[in-house]
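Quick notes on the structure that follows.
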Amino acid sequence: MLCPGARGAQPPGAWAHQAWSTDDGLPQNSVHQVLQAQDGLLWVATEGGLARFDGFAFQTFGQRTAPAFRSDDIGCLVQDRAGALWIGTAAGLVRSDGRAFVRVGGDDGAAAVRALAAAGDGSVLVLSAQGLLLELHAGRLTPLPLPGTATALAAGPD
């Protein structure tokens, strides 16, 4: 993994290679996704929880630290244009505004989340493990019509 300001004496703007594991503070070694947030922090989705890396240490979040998590199996991450972090878990969707984690969707959000994408209009697209595409806008999950089931999700410039 490459990141600016990784451990060690590096000149400003230099890139360094660093490998991390549970020995370094990751909650689990199976990493599903890494996201660099707008503030430069790295978020790591693992099968044992969510980790935030500030360049020096990991802080772990999951069922033990936040009741919004009903599963520690974190599969995907996306940040919307307002800066909120969206976390797809094996038991639904969680949002962080930087201060707290909140479960989104209640019982209808209990389905495993396969993929997330931020849309240009500020909404977030959610792909469930069952292949359903949902749009999250203003805190509400709305199903979007598909001719079949989806298996992947990506966002483009539009």
*asked:* Checking L50 against W43 for the side chain to side chain contact (heavy atoms under 4.5 Å, CB included) test, could you report, in this order, the C-alpha distance in whole Å, the side-chain angles of both residues, the deciding distance, and whether it holds?
replied: CA-CA 7 Å; L50 178 66; W43 291 89; 3.6 Å; yes
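- Of all non-hydrogen atoms in G75 and H32, the two that sit nearest each other are O-CB, 3.4 Å.
- From Q28, atom CD reaches atom OG1 of T60 across 11.5 Å, with rounding to the nearest 0.5 Å.
- Applying the ring pair (Phe, Tyr, Trp, His ring centres under 6.0 Å) rule to F101 yields the partners F61, F69; only residues at least two apart in sequence or on another chain are considered.
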*asked:* As a quick check of understanding, evaluate side chain to side chain contact (heavy atoms under 4.5 Å, CB included) for R114 and T151, giving each step before the final call.
replied: CA-CA 8 Å; R114 177 177 287 165; T151 59; 4.2 Å; yes
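- In this structure, V34 is a member of the same hydrophobic cluster as F58, with clusters built from ILVMFWY side-chain heavy atoms closer than 4.5 Å.
- To the nearest 0.5 Å, atoms CG (L144) and CG (L133) are separated by 4.5 Å.
- Panel note: side chain R70, backbone Q63; no donor-acceptor pair is recorded below 3.5 Å.
- Not one N or O on the side chain of Q59 forms a donor-acceptor pair closer than 3.5 Å with the backbone of R52.
- Hydrophobic clustering of Ile, Leu, Val, Met, Phe, Trp and Tyr side chains at less than 4.5 Å, counting indirect connections, unites L35 with V94.
- With sequence neighbours excluded, the residues satisfying side-chain contact (heavy atoms from CB on, under 4.5 Å) with A150 are L127, L146.
- Note: F53 CZ to W20 CH2 = 4.5 Å, rounded to the nearest 0.5 Å.
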*Apply the test side chain to side chain contact (heavy atoms under 4.5 Å, CB included) to residues L136 and V104: give CA-CA distance (whole Å), side-chain angles for both, the deciding distance (0.1 Å), then the verdict.*
CA-CA 9 Å; L136 180 65; V104 177; 3.7 Å; yes
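- Taking both residues in full, the closest heavy atoms of A51 and P27 are given as CB-CD, 3.7 Å, listed atom of the first, atom of the second, then distance.
- Here the side chains of E47 and I74 are not in contact, with every heavy-atom distance at 4.5 Å or above.
- A distance of 6.0 Å separates CG in L116 from CG in L93, rounded to the nearest 0.5 Å.
- Taking every heavy atom of both residues into account, S71 and A91 meet most closely at CB-CB, 3.7 Å.
- Taking CG of L85 as the start and CG of D80 as the end, the distance is 9.0 Å to the nearest 0.5 Å.
- The OG atom of S123 sits 11.5 Å away from the CG atom of L134 when rounded to the nearest 0.5 Å.
- Summarising the geometry of D121 relative to E135, their closest heavy-atom pair is OD2-OE2, 3.8 Å, with the distance given to 0.1 Å.
- Here the side chain of Q79 pairs a donor or acceptor atom with the backbone of Q38 at under 3.5 angstrom.
- Side-chain atoms of D54 never come within 3.5 Å of backbone atoms of L41 as a donor-acceptor pair (strictly under, hydrogens ignored).
- Here the closest non-hydrogen pair linking G120 and R81 is O-NH1, 2.6 Å.
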*asked:* One pair to check against side chain to side chain contact (heavy atoms under 4.5 Å, CB included): S128 and V113. What are the steps and the verdict?
replied: CA-CA 4 Å; S128 76; V113 176; over 6 Å; no
